[in-house]
Amino acid sequence: MGAEIRVFHDLDELHRAAAQHIARALHRAIRDRGWAFLALPAGPFARPVYEELCSASLDWSKVEFFFHEERGVPPGHPASAFAEADLRLFDNPRIGTHQVHRVEGESNDLDEAAARYAEELPEAFDTMLFEPGDDGHLGALLPGSPAFDEDERLVVPLRVPTKPVRRVTFTPRPILDAREAVVLAHGAHKAEVVARVLEGDEEPRALPAALLRGRAWFLDAAAASRLRSTST
């Protein structure tokens with residue numbers, strides 16, 4: 001399945017379109033099954049998407065929220081994926097606390113926290129939000145990550161070279177099983193990894209963002225500048 005590639009010259013338009021794509025996926029799930037499942041990222045790149053989602057016409061009371069990565073920090077820490085979403089998305093009277101599934105990143109035993117979190121995951125997510133790293137990593141899934149050796153576990157703890165070093169991440173299986181995924185990339189520094197993923201043939205173990213090769217990519221012109229073609 002080929003990727004859906006959309007290129008924008010305006011960042012506000014890019015973020016708005018990505019949020020609308022996510023909202024449509026959630027709306028379809030609610031229409032078809034009565035409930036929807038969304039997996040969110042860590043990192044400030046999601047802020048404008050969250051802000052756009054806040055104005056989406058959607059029955060938010062029927063959406064459950066998860067995180068495909070979390071840092072080993074308390075929920076109020078600036079590096080926490082939960083804290084970012086709590087500040088910019090969950091401050092919504094239509095979203096109840098029971099709908100938000102938080103990784104216990106502050107736990108001293110992240111193995112146990114990861115195992116508990118795995119028990120909460122749905123069979124498949126309706127959509128996920130990602131940004132590829134400049135080297136092709138996805139959150140805590142770095143090139144060569146031991147998470148690629150996991151056949152059974154859906155969520156695992158890891159240590160990474162950058163702070164906070166303690167992380168919890170989905171293994172590849174929940175990412176591949178998701179019904180949809182939205183990938184954002186903007187800036188010339190993303191052009192190389194975008195081209196490697198969308199027009200190359202590297203395996204996900206070496207280039208984790210390749211897990212998203214057939215998904216919906218929302219790019220600005222600079223991030224798309226090394227692509228030979230931007231047709232969908």
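Here, residue 1 is the first one in the sequence, and each next residue gets the next number.
- Of all heavy-atom pairs between H189 and D134, the closest is CD2-OD1, 3.4 Å.
- Rounded to the nearest 0.5 angstrom, H137 NE2 and S145 OG are separated by 11.5 Å.
- Ion pairing between a basic and an acidic side chain is recognised when a charged N comes within 4.0 Å of a carboxylate O; R215 and E4 show no such pairing.
- The CG atom of D12 sits 10.0 Å away from atom CD of E51, with the distance rounded to the nearest 0.5 Å.
- Listed by chain and residue number, nothing satisfies the side-chain hydrogen bond (donor to acceptor under 3.5 Å, both in side chains) test with R16 (two or more places apart in sequence, or in another chain).
- Residues L11 and V182 share a single hydrophobic cluster, defined by chaining ILVMFWY side chains whose heavy atoms lie under 4.5 Å apart.
- Side-chain contact between W35 and E64: present, with at least one pair of heavy atoms (C-beta onward) separated by less than 4.5 Å.
- Relative ring orientation between H186 and H15 is described as perpendicular, the plane-to-plane angle rising above 60° on a 0-90° scale split at 30° and 60°.
- With contacts defined as side-chain heavy-atom distances shorter than 4.5 Å, the pair P208/P143 qualifies.
- Taking E120 as the reference, nothing meets the salt bridge (Lys or Arg N to Asp or Glu O under 4.0 Å) condition, with sequence neighbours excluded.
- Checking side-chain atoms of R213 against main-chain N and O of L198 turns up no donor-acceptor pair under 3.5 Å.
- For the side-chain hydrogen bond (donor to acceptor under 3.5 Å, both in side chains) test, no residue two or more places apart in sequence or in another chain qualifies with E192.
- Considering CG of L211 and CE of M128, their distance stands at 10.5 Å, rounded to 0.5 Å.
- Using a 30° and 60° split on the angle between ring planes, F218 and F8 fall in the parallel class, below 30°.
- Within the 4.5 Å cutoff, no side-chain heavy atoms of V63 are placed close to those of F37.
- At least one side-chain heavy atom of V193 sits less than 4.5 Å from a side-chain heavy atom of L207.
- Counting only distance, with no hydrogens or angles, the side chain of E131 and the backbone of A185 share no donor-acceptor pair below 3.5 Å.
- Clustering ILVMFWY residues whenever any of their side-chain heavy atoms sit less than 4.5 angstrom apart, transitively, puts V156 in a cluster other than the one holding V73.
- The minimum heavy-atom distance linking A224 with L219 is given by the pair CB-CD1, 3.9 Å.
- The residue from V100, V49, L53 that alone fulfils the side-chain contact (heavy atoms from CB on, under 4.5 Å) condition with L89 is L53.
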**Study point:** Pair E84-R88, salt bridge (Lys or Arg N to Asp or Glu O under 4.0 Å): steps then yes or no
**Key:** CA-CA 6 Å; E84 190 73 54; R88 301 177 187 276; 2.6 Å; yes

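- Taking all atoms of both residues into account, the shortest heavy-atom contact from A42 to R71 is CB-NE, 3.4 Å.
- In this structure a side-chain-to-backbone donor-acceptor pair under 3.5 Å is present from E199 to R228.
- Q99 pairs by the side-chain hydrogen bond (donor to acceptor under 3.5 Å, both in side chains) definition with nothing, not counting sequence neighbours.
- Using a 30° and 60° split on the angle between ring planes, F82 and F67 fall in the perpendicular class, above 60°.
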Donor-acceptor contacts, no H, no angles, side chain residues 174-181, under 3.5 Å, sequence neighbours left out:
from: R179; atom 1: NH1; to: A124; atom 2: O; distance (Å): 3.1
from: R179; atom 1: NH1; to: D126; atom 2: OD1; distance (Å): 3.2
from: E180; atom 1: OE1; to: H21; atom 2: NE2; distance (Å): 3.1
from: E180; atom 1: OE2; to: R28; atom 2: NH2; distance (Å): 2.4

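- D59 and S61 share a donor-acceptor pair across their side chains, judged by distance under 3.5 Å alone.
- The side-chain hydrogen bond (donor to acceptor under 3.5 Å, both in side chains) test applied to D10 returns no partner, not counting sequence neighbours.
- The two atoms that bring P75 and S80 nearest to each other are O-OG, 3.5 Å, heavy atoms only.
- Closest approach of P41 and A46 over heavy atoms only: CG-CB, 3.9 Å.
- No side-chain heavy atom of Q20 sits less than 4.5 Å from a side-chain heavy atom of E52.
- Side-chain contact between W217 and L227 is absent, with no heavy-atom pair separated by less than 4.5 Å.
- Distance check: Y50 OH to L87 CG gives 11.0 Å after rounding to the nearest 0.5 Å.
- Rounded to the nearest 0.5 Å, atoms CD1 (I95) and SG (C54) are 7.0 Å apart.
- Applying the salt bridge (charged side-chain N to carboxylate O under 4.0 Å, His left out) test to every pair with at least one member in residues 137-146, sequence neighbours left out, gives no pairs at all.
- The pair E112-R116 meets the salt-bridge criterion, since a charged nitrogen lies less than 4.0 angstrom from a carboxylate oxygen.
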Review point. Would W60 and F65 count as a side chain to side chain contact (heavy atoms under 4.5 Å, CB included) if you check the C-alpha gap in whole Å, the side-chain angles of each, and the deciding distance to 0.1 Å?
Key: CA-CA 10 Å; W60 288 109; F65 301 87; 3.6 Å; yes

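- Remark: H68 NE2 to T171 OG1 distance equals 13.0 Å, nearest 0.5 Å.
- Pairs engaging residues 158-170 under the side-chain hydrogen bond (donor to acceptor under 3.5 Å, both in side chains) rule: E69-R167 [sequence neighbours left out].
- Hydrophobic side-chain contacts under 4.5 Å tie L142 into a cluster, directly or through other members, with V160.
- Panel note: side chain K62, backbone A36; no donor-acceptor pair is recorded below 3.5 Å.
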Exercise for review: Any chance you could lay out the side chain to side chain contact (heavy atoms under 4.5 Å, CB included) test for D86 and D91, step after step, and finish with the verdict?
Suggested key: CA-CA 6 Å; D86 191 44; D91 186 18; over 6 Å; no

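- Qualifying salt bridge (Lys or Arg N to Asp or Glu O under 4.0 Å) partners for D201, counting only residues two or more places apart in sequence or in other chains: none.
- Under the salt bridge (Lys or Arg N to Asp or Glu O under 4.0 Å) criterion, R24 pairs with no residue at all, not counting sequence neighbours.
- Nearest approach of E106 to P74, heavy atoms of both residues: CB-CA, 3.7 Å.
- In this structure the side chain of P146 reaches within 4.5 angstrom of the side chain of L158, judged on heavy atoms.
- Annotation for N108: atom CG does not count as buried by contact number, only 12 or fewer foreign heavy atoms lying within 6.0 Å.
- Ring pair F125/F170: centre-to-centre distance below 6.0 Å.
- Looking at F66 and L38, their side chains never come closer than 4.5 Å, going by heavy atoms from C-beta outward.
- D111 meets the salt bridge (Lys or Arg N to Asp or Glu O under 4.0 Å) test with R153; sequence neighbours excluded.
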**Study point:** Test salt bridge (Lys or Arg N to Asp or Glu O under 4.0 Å) applied to R205 and D149, step by step
**Key:** CA-CA 9 Å; R205 181 181 293 272; D149 297 323; 2.8 Å; yes

